[in-house]
Amino acid sequence: MIRFWGVRGSIPTPGPSTVRYGGNTTCVELRINGEIIIIDAGSGIRNLGVSLLTESSGQPIELTLLNTHTHWDHIQGFPFFAPAFIKGNRIQVIGRNSQPDGLKGVFEKQMDGTRCFPVPFSVMGAEIDFRHTDDVSGFRFHVGSVQVQACPTNHPGGCLAYAFETDHGRVVFLSDHETGCSDEPRILQFIQGSRLLIADAQYNSTEITTRRGWGHGSVDEVVDLAVRAEVKELCLFHHDPTHSDDTLDSMLEEAKSVLVGQGRSMKIQTAREGAEIHL
Ligand SMILES: [Zn+2]
Ligand SMILES: [Zn+2]
């Protein structure tokens with residue numbers, strides 16, 4: 001099961017024009033083989049934390065937070081993630097080693113206790129362990145019994161995509177990736193034959209022309225990529241903060257028309273906060 005808690009890129013965008021798809025930044029929950037896996041700690045993780053506390057009803061929570069990269073929209077919710085403040089809970093954070101003080105250093109710096117946030121990271125009572133994917137051979141590792149693979153994306157400062165092997169096929173999370181890059185064969189191989197691809201499709205085919213180098217995908221190129229990789233289901237993700245619900249509807253139509261134009265069929269949907277995907 002995959003549940004979306006934050007589907008927006010860049011900055012939270014609450015308001016009447018985003019009520020249908022949601023305004024929180026990146027946070028996706030996966031439940032695979034009994035493991036609680038969270039991708040990114042954008043503002044959506046606050047509501048996820050509340051939900052986990054209700055579900056656990058006082059019992060210790062164990063979970064893994066996979067971090068794609070430490071741009072603000074992917075870590076800004078962590079200071080508001082209630083389970084991290086509770087002693088007895090165990091959180092494993094896995095991500096890239098952003099120099100010089102590692103992943104933990106970035107999490108600590110956004111909670112410096114004074115300038116950026118009033119409460120220091122050290123106040124968090126849960127056992128929080130940080131692990132770098134760079135230490136793991138071939139970017140392959142396990143979360144419990146779940147096989148996970150990471151893959152660098154095309155994004156300023158670097159970012160990781162993650163793939164999960166499930167009983168129902170491969171699930172790939174590919175956000176903060178600019179399509180049309182020179183090492184696309186590597187990305188194609190990574191997503192090849194996926195049961196589900198959740199992919200950055202921040203821009204439409206016109207917008208991308210003036211946003212090259214910003215590190216995000218366009219709807220037409222993402223559909224093309226997914227078709228070539230024979231993906232079964234595509235989910236458009238990392239919505240632009242300027243895009244209203246109606247704009248996202250029109251981008252889904254653009255995606256479907258690209259597919260029709262290629263004479264192909266594939267299930268395509270737009271990631272919506274609160275929505276679940278059952279494989
Ligand atoms: Zn982002
Ligand atoms: Zn980013």
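Read the numbers this way: they start at 1 and go in the same order the structure lists the ligands and their atoms.
Every residue meeting the salt bridge (charged side-chain N to carboxylate O under 4.0 Å, His left out) condition with D246, not counting sequence neighbours, appears here in chain and number order: R20. Residues meeting the side-chain contact (heavy atoms from CB on, under 4.5 Å) test with H142, sequence neighbours left out: Q147.
With Y21 as the aromatic partner, R8 does not meet the cation-pi criteria of under 6.0 angstrom to the ring centre and within 45 degrees of the ring axis.
When all heavy atoms are compared, the tightest approach of F190 to Q149 is CZ-O, 3.4 Å. Nearest approach of T25 to I11, heavy atoms of both residues: CG2-C, 3.5 Å.
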Output side-chain donor-acceptor pairs under 3.5 Å for residues 262-270, partner residues at least two apart or in another chain, one line each.
from : atom 1 : to   : atom 2 : distance (Å)
Q262 : NE2    : D224 : OD1    : 2.9
Q269 : NE2    : E233 : OE2    : 2.8

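Take the Zn ion (ligand 1) and draw a sphere of radius 2.8 Å; the protein N/O/S atoms inside it number 4.
Within H155, the N/O/S atom positioned nearest the Zn ion (ligand 2) carries the name NE2.
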